[in-house]
Protein chains: 2
Amino acid sequence: MGITERRNREKLRMRRSILDAAMKLFVEDGYDNVSIRKIAKRIEYSPATIYLYFTDKDEIFFQLHQEAFSKFLAVQKETLKIQNPMARLAKQGANYLEFAQKHPEHYDLMFIIKAPLRKLKTEWNCGFESFDILRQTIAECIDQGHLGNNNVDVVAIHVWANVHGLASLIIRDRLAMIPEDLLPQLLQEVMAFGTETLANR
Amino acid sequence: MGITERRNREKLRMRRSILDAAMKLFVEDGYDNVSIRKIAKRIEYSPATIYLYFTDKDEIFFQLHQEAFSKFLAVQKETLKIQNPMARLAKQGANYLEFAQKHPEHYDLMFIIKAPLRKLKTEWNCGFESFDILRQTIAECIDQGHLGNNNVDVVAIHVWANVHGLASLIIRDRLAMIPEDLLPQLLQEVMAFGTETLANR
DNA sequence: CGAGTATAGTTTACAGTGTTCAGTAAATTA
DNA sequence: TAATTTACTGAACACTGTAAACTATACTCG
């Protein structure tokens with residue numbers, strides 16, 4: 001059965017190369033400017049071929065969405081080494097914002113974009129897992145008396161909304177009222193302020 | 001010169017009806033599913049006609065963007081009646097979230113969507129004005145010793161990011177980990193928690 | 001009032017999009 | 001070698017934003 005195995009390998013390689021091409025175009029040209037035809041041209045196949053490997057455009061984006069998430073998840077799991085939950089929480093927040101700024105197209109895919117949401121409700125496992133890491137950390141903080149006696153979910157969503165709000169305002173250029181050169185410094189202060197408001201509970 | 005005046009009126013009426021049709025389609029079908037042709041069909045003119053009143057699709061969206069903003073601005077100005085700046089701040093936050101949930105397509109246009117951003121940098125006056133109302137309120141809070149001795153912009157961006165984060169997570173369905181029926185209650189608690197963390201400074 | 005011009009609107013067209021499907025050519029199997 | 005399975009493509013459909021050329025009407029001026 002060496003032949004079918006090789007064929008499976010080739011099939012996987014093809015899927016991979018489609019996804020890679022799509023992601024590259026994504027990062028280069030932005031979400032809205034990626035078309036099936038462009039992806040096809042990039043890998044030097046006809047557009048129709050892509051439909052032999054993915055049912056539609058959404059499936060490609062959903063796949064990339066998942067991969068972006070597992071990338072992010074890996075970064076967040078790194079923080080689990082940090083013993084002190086408050087320090088860990090701060091690091092998770094910093095990671096989040098850094099990820100958003102370093103990989104805006106990935107972030108877009110993960111948290112902002114509208115497109116491939118049909119499947120999101122049933123299959124957003126990475127999202128849940130990532131939220132759970134945050135949740136877990138906050139639970140520890142509360143246990144150790146750092147965050148008052150609050151509902152874990154309330155605090156978790158509060159924290160997440162905080163960093164996501166910042167990240168998406170930046171990515172979508174809605175902080176135009178702040179001079180560009182002052183922004184990085186200011187952002188750091190905002191993050192510091194955020195953790196401070198939490199710590200002094 | 002009654003003739004040119006009438007013509008101007010008619011020109012304005014036409015612009016108005018294009019914008020109205022566009023906004024309706026927007027709300028009905030979502031941003032991505034509105035095309036020039038659909039707008040044209042709605043007002044019973046040819047697609048090309050629209051280009052006699054707007055240079056391109058972006059200009060339509062930019063116009064609607066501005067109108068959505070002035071609508072929001074009107075709501076926010078209402079809060080200026082409230083004397084106590086802390087209470088005013090809380091009301092502004094609640095308004096913000098309510099606006100986002102009641103008019104998701106408007107909100108999308110204002111704060112999330114990517115499309116018509118070329119002009120945003122130079123002409124986002126409503127955005128600035130609206131930010132200024134928040135800023136002003138926070139300045140008063142700081143003056144009265146409610147928010148510690150912090151930089152106004154830092155706190156303003158913090159607060160904005162907070163509510164915007166919540167709003168955009170809701171609109172983009174990224175709170176799927178929370179059972180739908182528990183969400184409204186939880187959101188209120190998150191908002192309450194947010195104001196609380198600020199107040200106890 | 002009639003001729004000429006400005007204007008509003010339409011028709012037609014181009015280049016792009018996602019997607020489908022009949023058809024082909026090559027690889028594999030019998 | 002013949003039959004079958006597989007991978008792939010070209011052409012087409014129904015859309016998209018937009019531009020240019022054209023027409024019909026409204027208005028201005030002699």
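Throughout, protein chains are lettered first and strands after them, A, B, ... in sequence-line order, and every chain is numbered starting at 1. The structure presented is a predicted model; accordingly, all values stated were derived computationally and were not measured. Just so you know, these numbers use all the heavy atoms, side chains as well, and skip hydrogens, waters and symmetry mates.
In this entry the distance linking CE of A/M14 with P of D/dA7 reads 10 Å, nearest Å. Atom CD1 of B/I43 is separated from atom P of C/dA8 by 14 Å (rounded to the nearest Å). Taking atom CD1 of residue A/I50 and atom P of nucleotide D/dA7, one finds them 16 Å apart after rounding to whole Å. The separation between B/I18 atom CD1 and C/dG9 atom P is 9 Å, rounded to whole Å. We find that NZ of B/K11 is positioned 8 Å from P of C/dT7, with the value rounded to whole Å. Across the protein-nucleic acid pair, A/Y53 atom OH and D/dT6 atom P stand 12 Å apart, rounded to whole Å. Atom pair A/Y45:OH and D/dG10:C1' shows a separation of 17 Å (rounding to whole Å applied). Following rounding to the nearest Å, A/N8 (CG) and D/dT6 (P) show an atom-to-atom distance of 11 Å.
With contacts defined as side-chain heavy-atom distances shorter than 4.5 Å, the pair A/L134/A/Y96 does not qualify. Put simply, the side chain of A/Q92 reaches to within 4.5 Å of the side chain of A/L89, judged on heavy atoms. By the 4.5 Å heavy-atom criterion applied to side chains, B/D153 and B/F131 are counted as neighbours. By the 4.5 Å heavy-atom criterion applied to side chains, A/Q185 and A/E189 are counted as neighbours. B/L73 places a side-chain heavy atom less than 4.5 Å from the side chain of B/I133. A 4.5 Å side-chain heavy-atom check between A/Y31 and A/F61 finds at least one atom pair inside the cut-off.
When the side-chain nitrogen and oxygen atoms of B/T49 are compared with OP1 and OP2 of C/dG9, none of them lie within a distance under 4.0 Å.
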**OP:** Sugar-phosphate means primed atoms, P, OP1 and OP2; the rest is base. With that split, encode nucleotides 12-25 of chain C 5' to 3' as B, S or - using protein heavy atoms under 4.0 Å.
**Re:** -B---BBBBB----

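Within 4.0 Å of B/F54, counting heavy atoms only, lies no atom of the nucleic acid at all.
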